[in-house]
Amino acid sequence: MASPILPEFFALLSVDLFALLSMLTCLLEEKFPKAISYIYVMGALMGFGHLWVSREFLIFFGDYMRFLYSVLYLAIALANVVAVNLYLAISKKSWTLAKAWSVVVTFPTLFISIFFVYNYGHLQGAAFPLLMLQLVLAGSVVILGTSISVILSPALLKKLRRR
Amino acid sequence: MEIRNILSKKSAKLLVLLLINMLIVTVSAAMYYSLSMTSTIDVYAAEVYFKEGTDNGTSGLVVMLGGQNTTAVITGLRAYPNASLTYTDPIRVRNNASAGTYAQLRLVPVTNPSGNADQFVYIKFMLNATTAEYKWLNYTSDGSTWTNPTGATSWTVTGIDGGEEWPIVIYTMANATATATSSVTIEITVDVD
């Protein structure tokens, strides 16, 4: 039998997002303040602490409370993803980079997060919806691939339109 | 040379961050995995169990309780031809918890009558709740086939309080032409919530 989703899954997802942000901001360090990568590492580390506290006080915290503070942490991680996107677009005026970021990072992370939160809320304690997840991921990959192709080669879109 | 230095500086930073992040993500995943394994279930003696009623030992009726008193076999129940017989207190359900701790009960059919439908009119089980929340499981026969309960009874509303004992009343009646050696076996359970 598949394991049900625990509320802490969202905290784990947030840790991954902070780790991703840390790596990407390091890769694009000329666009960001130098300390930002380390701040995101701290964010990921806080997520680990969050999981630890959750485990130690598992008996005292109810499911609803665990879900709320895990989703709050996920919301903070997602807000950072969007904030970096806006920072690139508005403050740095790197439109191409901002578009690429929105397609490669913001859209998939928001999509996946909403998917899991919706499923947890809808079928609390249910097993991972593997078939639906695969379909959603396949759809996500198609959209992502098309978007990346269009961004890297805008002429492709024009060609497609002409046909 | 300068570009090479910058590149190597960036690569080193990236490598350090990658290692740190991998470590954090791995231990977080391990922590999550251990969380899913943390649920512990302890074994306790059942608070709600069966107990012999006052009818036990009368007219050949014998109640044999199983381990932990959570199962019981009643033998020696009689059914008279064309006459109803009521066992008002053959077996009881006891809630051994402290007063104020309520448990909800319901009767559930498990195994339908083993046969001899032509020999019986009915066999009925009633959970005799003191708050008049009677729960019935009725097995009736039309002389050729048994009509059995289709599912569990509804749950009690108030429930059995800690320290209370509720009898399960059994009503029997055999067919007017029934023969003395005929018998039937029925299995039911008492669900506790």
Side-chain angles (χ1 to χ4, degrees), chain A residues 1-32 34-61 63 66 70 73-74 77 116 125 127-128, chain B residues 1-48 95-98 100-104 106 108 110 151-152 154-155 159 162 189 191-193:
Chain A
M1 205 177 100
S3 303
I5 301 174
L6 296 178
E8 284 76 14
F9 176 80
F10 303 113
L12 185 64
L13 194 62
S14 312
V15 169
D16 292 351
L17 288 182
F18 275 120
L20 176 80
L21 280 172
S22 155
M23 298 301 296
L24 289 175
T25 50
C26 178
L27 274 171
L28 305 166
E29 67 177 359
E30 60 279 4
K31 302 276 182 191
F32 297 100
K34 282 187 176 174
I36 199 81
S37 300
Y38 299 106
I39 290 170
Y40 284 136
V41 169
M42 293 304 290
L45 204 58
M46 276 175 68
F48 168 67
H50 184 111
L51 285 166
W52 197 348
V53 169
S54 209
R55 194 184 74 162
E56 295 303 314
F57 294 93
L58 195 66
I59 301 164
F60 307 106
F61 296 162
D63 269 5
R66 283 162 60 202
S70 296
Y73 183 57
L74 177 64
F116 279 117
F128 275 93
Chain B
M1 188 67 183
E2 211 171 296
I3 293 167
R4 197 174 287 173
N5 275 342
I6 291 166
L7 278 175
S8 65
K9 210 175 170 184
K10 189 174 176 176
S11 303
K13 187 182 170 185
L14 198 63
L15 184 69
V16 169
L17 280 173
L18 181 70
L19 290 173
I20 293 170
N21 283 325
M22 273 177 66
L23 184 70
I24 293 169
V25 169
T26 309
V27 290
S28 297
M31 188 66 75
Y32 177 78
Y33 182 71
S34 73
L35 251 172
S36 63
M37 296 283 110
T38 304
S39 306
T40 54
I41 299 166
D42 298 322
V43 176
Y44 285 94
E47 295 273 32
V48 179
N95 181 1
N96 204 40
S98 53
T101 308
Y102 290 87
Q104 306 306 326
R106 68 175 182 178
V108 187
V110 178
S154 58
W155 290 100
T189 61
D191 270 4
V192 182
D193 185 23

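In the text below, chain A, chain B and the rest are named by the order of the sequence lines, each starting its count at 1. Computed from a predicted model, the values in this text were never measured in an experiment.
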* For the student: nearest non-hydrogen atoms of Lys10(B) and Cys26(A), plus distance ->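 Closest heavy-atom pair between Lys10(B) and Cys26(A): CE-O, 3.6 Å.
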* Asked: What pair of heavy atoms forms the shortest contact from Leu51(A) to Met31(B), and how long is it?
  ->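 Taking Leu51(A) first and Met31(B) second, the nearest heavy atoms are CB-CG, 3.7 Å.
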* Asked: For Ala11(A), does its backbone N or O pair with a side-chain atom of Tyr32(B) as donor and acceptor, under 3.5 Å?
  ->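 No; judged by distance alone, with no hydrogens or angles, the pair does not exist.
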* **Between CD1 on residue Ile24(B) and CE on residue Met42(A), distance to nearest 0.5 Å** =>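 Output value for this atom pair is 8.5 Å.
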* May I ask you to name which of Leu18(B), Leu23(B), Leu17(B) has the most heavy-atom pairs under 4.5 Å with chain A? =>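 Option with the top pair count is Leu17(B).
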* Are more than 12 heavy atoms from other residues, nucleotides or ligands located less than 6.0 Å from atom CE of Met23(A)? ->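 Counting neighbours around CE of Met23(A), more than 12 heavy atoms of other residues, nucleotides or ligands fall under 6.0 Å, so yes.
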Given a strict heavy-atom distance threshold of 4.5 Å, which part of [X] is in contact with chain B: side chain, backbone, both, or neither?
X        : answer
Glu30(A) : side chain
Leu27(A) : both
Leu45(A) : both

* **Residue pairs fulfilling side chain to side chain donor-acceptor pair (under 3.5 Å) with at least one residue in residues 19-29 of chain B, sequence neighbours excluded** => Ser22(A)-Asn21(B)
